[in-house]
Amino acid sequence: MSPEPLAVRTEGLRKNYGDTVALAGLDLEVPAGTVFGLLGPNGAGKTTAVRVLATLLRADSGHAEVAGFDVRSQAARVRSVIGLTGQYASVDELLTGRENLVMFARLYGLSPRDAHARSEELLGRFDLLAAADRRVSGYSGGMRRRLDLATGLIQRPDVLFLDEPTTGLDPRSRLRVWESVRGLVNAGTTVVLTTQYLEEADRLADHVAVIDHGRVIAEGTPDALRSRVGGDRLDVIVRDPADLGVVADLLGAALTAPVTVHHQDHRVGVPAADRLDVLTRAVRALEGSTATIVDIGVRRPGLDEVFLALTGHPSTEHDHADEVMAS
Ligand SMILES: Nc1ncnc2c1ncn2[C@@H]1O[C@H](COP(=O)(O)OP(=O)(O)O)[C@@H](O)[C@H]1O
Ligand SMILES: [Mg+2]
């Protein structure tokens, strides 16, 4: 046995949809027993990559293996060792949570007795016992997502693919899904997680590949990525989120670096390669303003700044935070 078996390996994966290049030579290596984050904005190629790995879609060229099995020539073997949870829940609205799990378990070939036992166990693990006998149509977004995660685990997969497991969830539901994912990893499952949430990669992933336009543009631990980009970040926190726009405009005019607004935490962030210079100019720029500044300071970069530095365009993080706030 090799010292570090790979759960996933891809080499030069390419996939076009007509004129659209979805995968442009994707190379990935995911060590078994880890959580691997595939990080990228909308349209980066994350779902396409997951669908190829889950044998739902054929790449145009290149090579991909899951748990040592070739996705093309050993697709059935691959399917027997994976679980998949999609971006959109696949559960049946008209059935209860328990009925959904039992139905999937029976589809996967479990006996009625085993299907019930497995469902009970998963309902408990995902904190759904109290809602088990209610129809899914009455579930919250977070409950649905946890049920969807549970269905992905019926077969006790070696490798679990989670495609944007928390997109669109409110912050509290995201925390619960994160807890569930961490629990899986403690049980030895390899998790390949796609996300647009930089904080999610930060919290869950041992290793991250940042993808943009269908190829990996950076890879490493979240911390290693940060130090590769270097540069600290200036944060200004305002009391009233209504002041965010004014502060962003003032900072934008005073500094050459791109300004990012984070509505959720009342924060405006700016890359601050030169700490003192940026801080001084920011303080001057804000001096005459009516906005109440709660805090201003230079901090270590988050993955959002890393992404911006790598790609030259901002990630969609704060857009999604807004969606979450609005829902
Ligand atoms: N079925 C499809 N037909 C045509 N274009 C598609 C299809 N699926 C994805 N694409 C395109 O391929 C690119 C990658 O999409 P996708 O893998 O869904 O990215 P992500 O999951 O990172 O948002 C995007 O430009 C998207 O518009
Ligand atoms: Mg997607």
Side-chain angles (χ1 to χ4, degrees), residues 8-28 30 35-64 66 71-72 78 82-91 141-142 144-145 148-149 151-152 159-169 173-174 177-178 181 191-202 204-205 207-219 222 225 303-304 306-308 310-324 327:
V8 171
R9 191 170 74 84
T10 75
E11 232 182 85
L13 275 191
R14 293 181 172 274
K15 175 71 189 177
N16 287 9
Y17 295 102
D19 292 340
T20 305
V21 179
L23 297 179
L26 188 73
D27 300 320
L28 295 174
V30 179
V35 182
F36 189 86
L38 212 50
L39 178 67
N42 236 328
K46 302 181 297 296
T47 296
T48 304
V50 165
R51 288 174 58 80
V52 168
L53 289 169
T55 77
L56 298 174
L57 183 71
R58 278 199 163 204
D60 298 334
S61 62
H63 181 78
V66 176
V71 294
R72 189 177 291 254
V78 170
I82 64 167
L84 170 65
T85 296
Q87 190 166 349
Y88 305 101
S90 54
V91 292
R144 271 171 213 238
R145 207 62 67 90
D148 205 39
L149 273 174
T151 63
V159 183
L160 179 66
F161 295 100
L162 301 178
D163 194 10
E164 301 204 21
T166 68
T167 295
L169 294 187
S173 302
R174 288 173 73 195
V177 169
W178 288 345
V181 172
V191 177
V192 177
L193 159 102
T194 79
T195 185
Q196 302 183 44
Y197 292 121
L198 304 157
E199 188 194 358
E200 182 158 273
D202 223 2
L204 289 181
H207 211 82
V208 175
V210 183
I211 68 169
D212 194 35
H213 301 300
R215 65 161 62 91
V216 175
I217 56 166
E219 209 172 337
L225 284 181
L303 277 177
D304 47 353
V306 170
F307 192 86
L308 181 65
L310 289 168
T311 63
H313 58 85
S315 83
T316 52
E317 187 191 35
H318 71 266
D319 296 340
H320 281 269
D322 287 348
E323 275 170 32
V324 169
S327 63

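Counting starts at 1 for both ligands and their atoms, in listed order. Note that this is a predicted model, so its numbers are computed, not measured. When a residue number appears, it is its place in the shown sequence, counting from 1.
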For residues Phe36 and Ala209, report the shortest heavy-atom separation together with the two atoms involved.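 Answer, listing the atom of Phe36 first, then Ala209: CZ-CB, 3.6 Å.
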Okay, side chain of [X], backbone of [Y]: is any donor-acceptor separation there less than 3.5 Å?
{"X": "Arg72", "Y": "Ala59", "answer": "yes"}
{"X": "Lys46", "Y": "Leu193", "answer": "no"}
{"X": "Thr55", "Y": "Val71", "answer": "no"}

Heavy atoms only, cut-off 4.0 Å: how does Thr20 contact ligand 1, side chain, backbone, both, or neither?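 Side chain only; the backbone of Thr20 stays clear of ligand 1.
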For ligand 1, the portion of Pro41 having any non-hydrogen atom under 4.0 Å away: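 It is the backbone that gets close, since no side chain atom is under 4.0 Å.
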Please confirm whether [X] comes within less than 3.5 Å of ligand 1 when only nitrogen or oxygen atoms on both sides are compared.
{"X": "Ala49", "answer": "no"}
{"X": "Lys46", "answer": "yes"}
{"X": "Gly43", "answer": "yes"}

For side-chain contact (heavy atoms from CB on, under 4.5 Å), just list the numbers for Phe161 and Leu53, CA-CA rounded to whole Å, side-chain angles, deciding distance to a tenth of an Å, and then say yes or no. CA-CA 9 Å; Phe161 295 100; Leu53 289 169; 3.7 Å; yes
Looking at ligand 1, does Gly40 have a heavy atom less than 4.0 Å from it?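 No, Gly40 has no heavy atom closer than 4.0 Å to ligand 1.
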Taking a cutoff of less than 4.0 Å between a non-hydrogen atom of the residue and any ligand atom, is Gly214 in contact with ligand 1?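 No; Gly214 lies far enough from ligand 1 that no heavy-atom distance drops under 4.0 Å.
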Going by atom type alone, with no hydrogens or angles, which donor-acceptor pairs under 3.5 Å involve a side-chain atom of residues 9-16 and a protein atom two or more places apart or on another chain?
| unit_1 | atom_1 | unit_2 | atom_2 | d |
| --- | --- | --- | --- | --- |
| Arg9 | NH1 | Glu11 | OE2 | 2.7 |
| Arg9 | NH2 | Glu65 | OE2 | 3.2 |
| Thr10 | OG1 | Leu26 | O | 2.9 |
| Thr10 | OG1 | Leu28 | N | 2.9 |
| Lys15 | NZ | Arg58 | O | 3.4 |

Any N/O/S atom of Thr47 sitting less than 2.8 Å from the Mg ion (ligand 2), backbone or side chain?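 So Thr47 does bind the Mg ion (ligand 2) by this criterion.
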Taking side chain as C-beta onward, heavy atoms only, is Leu204 less than 4.5 Å from Thr195?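 No, side chains not in contact.
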From the options Leu23, Thr48, Asn42, Val52, select the one whose nearest heavy atom is closest to atom 16 (P) of ligand 1.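 Among Leu23, Thr48, Asn42, Val52, the closest heavy atom to atom 16 (P) of ligand 1 belongs to Thr48.
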Say whether Asp163 and Thr47, considering side chains only, have a donor N or O and an acceptor N or O under 3.5 Å apart.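 Asp163 vs Thr47: donor-acceptor pair found between side chains.
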Considering only heavy atoms of Thr47, which atoms of ligand 1 have at least one such atom less than 4.0 Å away?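 Per the distance check, 17 (O), 18 (O), 20 (P), 21 (O).
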Need the ligand 1 atom indices (1-based, order shown) with element for anything under 4.0 Å from a heavy-atom of Ala44.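 Heavy-atom distances to Ala44 below 4.0 Å select 19 (O), 20 (P), 22 (O).
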